[in-house]
Amino acid sequence: MITGCASSQKSDNVKSLENLVSIQEPGDEPHNPSKVYIDSVKKITINDSPGLLISGTFPDACTKIQQVTHHTSDNSLYIDIKAWRNPEQMCAQVLTPFSYLYHKMTEEELSTYSKAIINERSYSF
């Protein structure tokens, strides 16, 4: 009997991604901008669609992603991640891991670039 284990960057199940968060607009809640610390960026495929898995930490468990956008300029890929938190909410100041799946890029954009500038810092993928 032979058993084995292999991993790859291809994933067909979003539920299998750890600490996955989605965009949450503050709406009528009071809110202040918050920091996002990026640890890694990986190219992945979910349901036959290309995307980037962006992983990192929030400065606390109350921080949420508000908006993620991208653009290209000067032969570089730029991704802007905005986060927020409610200043009236009590929250422990502990780094909180997150993963975010960004899939609003074309296959051509992902194959053209091997790194992205996220919030003014460069990350290879």
Side chain Gln89, main chain Asn86, donor-acceptor under 3.5 Å: no
Exam field: side chain Lys43 to backbone Leu110, donor-acceptor pair closer than 3.5 Å: yes
Side chain proximity check, Asn19 to Val21, heavy atoms < 4.5 angstrom: no
Sidechain-backbone polar pair: Thr45 side chain, Asp48 backbone, donor-acceptor under 3.5 Å: no
Heavy-atom closest pair, residues Glu108 and Thr112: O-OG1, 2.6 Å
Donor-acceptor under 3.5 Å (Ser55 side chain, Leu53 main chain): no
Test side-chain contact (heavy atoms from CB on, under 4.5 Å) applied to Tyr100 and Val68, step by step: CA-CA 10 Å; Tyr100 179 76; Val68 181; 3.6 Å; yes
Least distance between heavy atoms, Asp39 atom then Gly56 atom: OD2-CA, 3.4 Å
Common cluster, Phe98/Leu17, ILVMFWY with side-chain heavy-atom separation under 4.5 Å: no
Over 12 non-hydrogen atoms of neighbours within 6.0 angstrom of CD in Gln93: yes
Plane angle bin for Tyr102 and His70 - parallel if under 30°, tilted between 30 and 60°, otherwise perpendicular: perpendicular
Side-chain touch His71/Leu77, heavy atoms, less than 4.5 angstrom: no
Minimal non-hydrogen separation, Lys35 against Pro59, with atom names: O-CD, 3.2 Å
OG-CD1 distance between Ser122 and Ile117, expressed to the nearest 0.5 angstrom: 5.5 Å
CA sep, side-chain torsions, deciding dist, call: Asp60, Arg85, side-chain contact (heavy atoms from CB on, under 4.5 Å): CA-CA 9 Å; Asp60 57 49; Arg85 71 177 306 276; 2.8 Å; yes
Ile65 backbone acceptor or donor facing Gln67 side chain under 3.5 Å: no
Asn47 side-chain N/O to Ser49 backbone N/O, donor-acceptor pair under 3.5 Å: no
Atom pair NZ (Lys104) and CD (Glu109), whose distance is rounded to the nearest 0.5 Å: 13.0 Å
Validation row: Thr96, Thr57 side chains within 4.5 angstrom (heavy atoms): no
Value rounded to 0.5 Å, distance of OH in Tyr37 from OG1 in Thr63: 9.0 Å
Distance-minimising heavy-atom pair for Thr72 and Tyr113: CG2-OH, 3.4 Å
Shortest non-hydrogen separation from Met105 to Pro50 and the atoms involved: O-CG, 4.4 Å
Whether His31 and Trp84 hold their rings parallel, tilted or perpendicular, with breakpoints at 30° and 60°: perpendicular
Residue pair Ile79, Tyr123: steps toward the side-chain contact (heavy atoms from CB on, under 4.5 Å) verdict: CA-CA 10 Å; Ile79 299 175; Tyr123 300 90; over 6 Å; no
side-chain contact (heavy atoms from CB on, under 4.5 Å) assessment of Ile38 paired with Ser40: CA-CA 6 Å; Ile38 306 301; Ser40 67; over 6 Å; no
OG-NZ distance between Ser124 and Lys42, expressed to the nearest 0.5 angstrom: 13.5 Å
Shared hydrophobic cluster, Ile81 / Ile23 (ILVMFWY, side-chain heavy atoms < 4.5 Å): yes
